[in-house]
*Asks:* 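Got a structure for you, questions after.
Numbers here are sequence positions counted from 1.
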Amino acid sequence: ACTRATQHLVVFFLRPPGYRRMAGVSRATVCLLDALRDALPPPPAGEAGAVRLRAADGASFPLQRAAAVQSDYLRDWIQDTDPAEGAEMPISNFGGPLVGCAAVLAEALADAVQPVARRRQACERALAAQPLAEVAALVPVAVFLGHAELLALLQRAVAGTLAGLTTPA
């Protein structure tokens, strides 16, 4: 569960100095980021070639190269620029928590230690416990990044939640 203290800590660390308020980011989105970090295994440490995603509000999130190349947008950027370790890719269309959630999910999907089915199940379980609006808010991020597996995961999560909300006629 996301407590008020956790919300304040996450918001404090995600916002750049002087930033008064995270515009357009709900507390539930900050809680979603916190919940995904808790529910999914951490990315493997020390992989060479990690890049960072910088959100519109200045928040920056690490992403291992194996996860980044699953995104059409990031793969093209990596191929065109051959970024140094820790280079930042601006994702100026979305706020920090949304970019952070996409990064956490992309890393979990790219985790080579676990079988593909187990990775997907872990992500689906983590998303199933979250509010529909917050999961749906991640869909445009996946579309922007061109991450087909992440988009499919989010679409299944949204469709599954909607299917559970419908009642037979």
*Asks:* Return the minimal non-hydrogen interatomic distance between H147 and L109, and the atom names on each side.
*Replies:* CE1-CD1, 4.2 Å

*Asks:* Do you know which two heavy atoms are closest between G96 and D57, and how far apart they sit?
*Replies:* N-OD2, 2.9 Å

*Asks:* In Å, rounded to the nearest 0.5 Å, how long is the span from CG of L150 to CD of Q155?
*Replies:* 10.0 Å

*Asks:* Restricting to non-hydrogen atoms, name the atom on L74 and the atom on A68 that form the minimum distance, rounded to 0.1 Å.
*Replies:* CB-O, 3.4 Å

*Asks:* What distance do L105 atom CG and R120 atom CZ have between them, rounded to the nearest 0.5 Å?
*Replies:* 13.5 Å

*Asks:* For P90, is there any backbone N or O sitting under 3.5 Å from a side-chain donor or acceptor partner on R54?
*Replies:* no

*Asks:* Rounded to the nearest 0.5 Å, what's the gap from CZ on F144 to CZ on F94? Could you check?
*Replies:* 6.5 Å

*Asks:* Less than 4.5 Å apart, side chain to side chain, heavy atoms only: is that true for L127 and V158?
*Replies:* no

*Asks:* Can you see whether R52 engages S60 through a side-chain donor-acceptor pair at a distance of less than 3.5 angstrom?
*Replies:* yes

*Asks:* With sequence neighbours excluded, tell me which residues meet side chain to side chain contact (heavy atoms under 4.5 Å, CB included) with A103.
*Replies:* L53, F61, L63

*Asks:* Which heavy-atom pair separates E88 from W77 by the least distance, and what is that distance?
*Replies:* O-CZ2, 3.7 Å

*Asks:* For L145 versus A102, what's the shortest heavy-atom pair and its separation?
*Replies:* CD1-CB, 4.3 Å

*Asks:* Donor-acceptor pair, distance only, cut-off 3.5 Å: does the side chain of Q70 make one with the backbone of A110?
*Replies:* no

*Asks:* How many angstroms lie between atom CG of L151 and atom CZ of R156, to the nearest 0.5 angstrom?
*Replies:* 10.0 Å

*Asks:* Do the non-hydrogen side-chain atoms of V141 and L154 ever get within less than 4.5 Å of each other?
*Replies:* no

*Asks:* How close do Q130 and V135 get, heavy atom to heavy atom, and via which atoms?
*Replies:* CB-CG2, 3.8 Å

